[in-house]
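We count residues from 1, following the sequence as given. Keep in mind that what you see is a predicted model, and the values were worked out from it rather than measured.
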Amino acid sequence: MSMLLGHDVQAAAMLDAARSGRLHHGWILAGPRGIGKASFARAMALRLLAEAAGPPPGGMGLGVPADHPVARLIASGGHPDYAELTCQVRESGDVARNISVDQVRGLHRLIHSAPSLSARRLVVIDSADDLERGAANALLKTLEEPPPGMTFLLVAHAPARLLPTIRSRCHMLRFDRLDDQQMTRILRNAQPELEDVELEALLAVGAGSPGTALGYAGLNIGDMERSLTTIAATGDPDNRERLALARQLGTKAARQRYEAFLERAPAFIALAARGRTGQALGLALDHWEQARQLAAGAIVLALESQSVVFELAGHVAALAPMPVNG
């Protein structure tokens, strides 16, 4: 439940609606990636099904004991009134890019049969952004004429990409990034051995997203972050920092850190751009776009890693203040 820190307002809104008999059949859980929306959806589905099946679990929040019958059924994948749609893992081990129309059609039994354990049924879609066009249209048909007691929880990182007709048939519940105190509690729970220096670096790269921060855990992100900060502040006129960073991240042993750098360098530039205006903003955005394109193609095009790191760091160096001629 630690990933749900900071979402008390959203939880109260949905639970109040459910307990008063006003729960809408469709909810879009909207907000930045990695802040716990999917965890919230699963916890909410469990709580709603547990309350509907009999005496409610203790407490008024989302917590449900692991030994609760409904919790055990969902954990085993055997709850007859619950379904979850995500991008499937293929036999090759690769994850599909989209949620298919066949997956949505696979909800037919759940939708068209009577509920088994209570009057309530839940479907979690993580994420609705990944629905292929046919799948979105198939879902829309159910949202237009939902069966009694059916509730859809649609996780959405970019709700504007959803079909307007889907958005119009759902309530929008917005989620915000977490503050540093909440982030610290989550990171400490997940990584008890985390040193203070590394924690500060993860707070910076996470920017309120626990999922993003934890994706960098164990990669000594602090050193990388210090290098980027130095390069952005000084411009690295002698290329010393850039060369050192390229050597550090260009080896086979540093593959994970290199891939993390491909994500972090454009994000670092984007964050710096937020505090700029006018010509400085235009310059930062131009370098962000170039860095984004380079990072996106680095793995696919098998570009030489040291050269990629050096060039990305060059885009960061462009953020340095221009010298004042006097």
Do [X] and [Y] make a side-chain contact, defined as non-hydrogen atoms from C-beta onward lying under 4.5 Å apart?
{"X": "Asp236", "Y": "Thr230", "answer": "no"}
{"X": "Thr142", "Y": "Leu107", "answer": "no"}
{"X": "Phe40", "Y": "Ile35", "answer": "no"}
{"X": "Leu163", "Y": "Arg133", "answer": "yes"}
{"X": "Arg177", "Y": "Thr212", "answer": "no"}
{"X": "Met44", "Y": "Leu29", "answer": "no"}
{"X": "Leu294", "Y": "Leu303", "answer": "yes"}
{"X": "Tyr216", "Y": "Glu198", "answer": "no"}

Less than 4.0 angstrom from a charged side-chain N to a carboxylate O is my criterion; do [X] and [Y] meet it?
{"X": "Arg97", "Y": "Asp129", "result": "no"}
{"X": "Arg19", "Y": "Glu51", "result": "yes"}
{"X": "Glu289", "Y": "Arg292", "result": "yes"}

Between [X] and [Y], what is the shortest heavy-atom contact and its length?
{"X": "Phe261", "Y": "Ala313", "value": "CZ-N, 4.5 Å"}
{"X": "Ala317", "Y": "Gly235", "value": "CB-O, 3.6 Å"}
{"X": "Ala30", "Y": "Pro159", "value": "CB-CG, 3.7 Å"}
{"X": "Cys87", "Y": "Ile99", "value": "N-CG1, 3.8 Å"}
{"X": "Leu281", "Y": "Ala273", "value": "CD1-O, 3.3 Å"}
{"X": "Arg121", "Y": "Ile111", "value": "NH1-O, 3.3 Å"}

Looking at [Y], is its backbone amide N or carbonyl O close enough to the side chain of [X] to form a donor-acceptor pair, meaning the two atoms are under 3.5 Å apart?
{"X": "Arg169", "Y": "Leu140", "result": "no"}
{"X": "Arg105", "Y": "Ala138", "result": "no"}
{"X": "His287", "Y": "Gly314", "result": "no"}
{"X": "Asp286", "Y": "Gly282", "result": "no"}
{"X": "Arg264", "Y": "Glu225", "result": "no"}
{"X": "Gln103", "Y": "Ser100", "result": "yes"}
{"X": "Arg120", "Y": "Ala53", "result": "no"}
{"X": "Gln88", "Y": "Ala96", "result": "no"}

Which value, rounded to the nearest 0.5 Å, describes the distance between [X] atom [atom1] and [Y] atom [atom2]?
{"X": "Thr229", "Y": "Met224", "atom1": "OG1", "atom2": "CE", "answer": "12.0 Å"}
{"X": "Leu143", "Y": "Arg167", "atom1": "CG", "atom2": "CZ", "answer": "13.0 Å"}
{"X": "Leu199", "Y": "Thr184", "atom1": "CG", "atom2": "OG1", "answer": "5.0 Å"}
{"X": "Leu319", "Y": "Trp288", "atom1": "CG", "atom2": "CH2", "answer": "13.5 Å"}
{"X": "Leu245", "Y": "Phe310", "atom1": "CG", "atom2": "CZ", "answer": "10.5 Å"}
{"X": "Ser127", "Y": "Leu162", "atom1": "OG", "atom2": "CG", "answer": "8.5 Å"}

Next item on the list: For the pair Leu173 and His24, evaluate side-chain contact (heavy atoms from CB on, under 4.5 Å) and give the outcome as yes or no after the intermediate values.
Entry: CA-CA 12 Å; Leu173 191 62; His24 195 68; over 6 Å; no

Next item on the list: Output, in order, the C-alpha distance, side-chain angles, deciding distance and verdict of side-chain contact (heavy atoms from CB on, under 4.5 Å) for Val101 and Asn137.
Entry: CA-CA 8 Å; Val101 64; Asn137 287 326; over 6 Å; no

Hphob cluster co-occupancy, [X] + [Y], side-chain heavy atoms under 4.5 angstrom:
{"X": "Val123", "Y": "Leu49", "result": "no"}
{"X": "Leu122", "Y": "Ile166", "result": "no"}
{"X": "Val9", "Y": "Met172", "result": "no"}
{"X": "Leu194", "Y": "Leu178", "result": "yes"}
{"X": "Val124", "Y": "Leu139", "result": "no"}

Check: residues 57-79 side-chain donor-acceptor pairs under 3.5 Å, at least two apart:
{"residue": "His68", "atom": "ND1", "partner": "Val70", "partner atom": "N", "Å": "3.0"}
{"residue": "Arg72", "atom": "NH1", "partner": "Asp67", "partner atom": "O", "Å": "2.4"}
{"residue": "Ser76", "atom": "OG", "partner": "Arg72", "partner atom": "O", "Å": "3.2"}
{"residue": "Ser76", "atom": "OG", "partner": "Leu73", "partner atom": "O", "Å": "2.9"}
{"residue": "Ser76", "atom": "OG", "partner": "Gly78", "partner atom": "N", "Å": "3.4"}
{"residue": "His79", "atom": "ND1", "partner": "Asp81", "partner atom": "N", "Å": "3.0"}

Check: Which is it for Leu15 and Leu48 under the side-chain contact (heavy atoms from CB on, under 4.5 Å) test, yes or no, and what are the steps along the way?
Finding: CA-CA 8 Å; Leu15 290 174; Leu48 292 175; 4.1 Å; yes

Within a 6.0 Å radius of atom [atom1] on [X], are there more than 12 heavy atoms belonging to other residues, nucleotides or ligands?
{"X": "Arg276", "atom1": "CZ", "answer": "yes"}
{"X": "Gln256", "atom1": "CD", "answer": "no"}
{"X": "Glu193", "atom1": "CD", "answer": "yes"}
{"X": "Arg161", "atom1": "CZ", "answer": "no"}

Would you list the atom pairs, donor with acceptor, under 3.5 Å between side chains in residues 145-157 and any protein atom, with sequence neighbours excluded?
{"residue": "His157", "atom": "ND1", "partner": "Lys37", "partner atom": "NZ", "Å": "3.0"}
{"residue": "His157", "atom": "NE2", "partner": "Arg33", "partner atom": "NH1", "Å": "3.3"}

Note to self: Less than 3.5 Å apart, any donor N or O on the side chain of Arg22 or Ser20 sitting next to an acceptor on the other?
What the structure shows: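 A donor-acceptor contact under 3.5 Å links the two side chains.
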
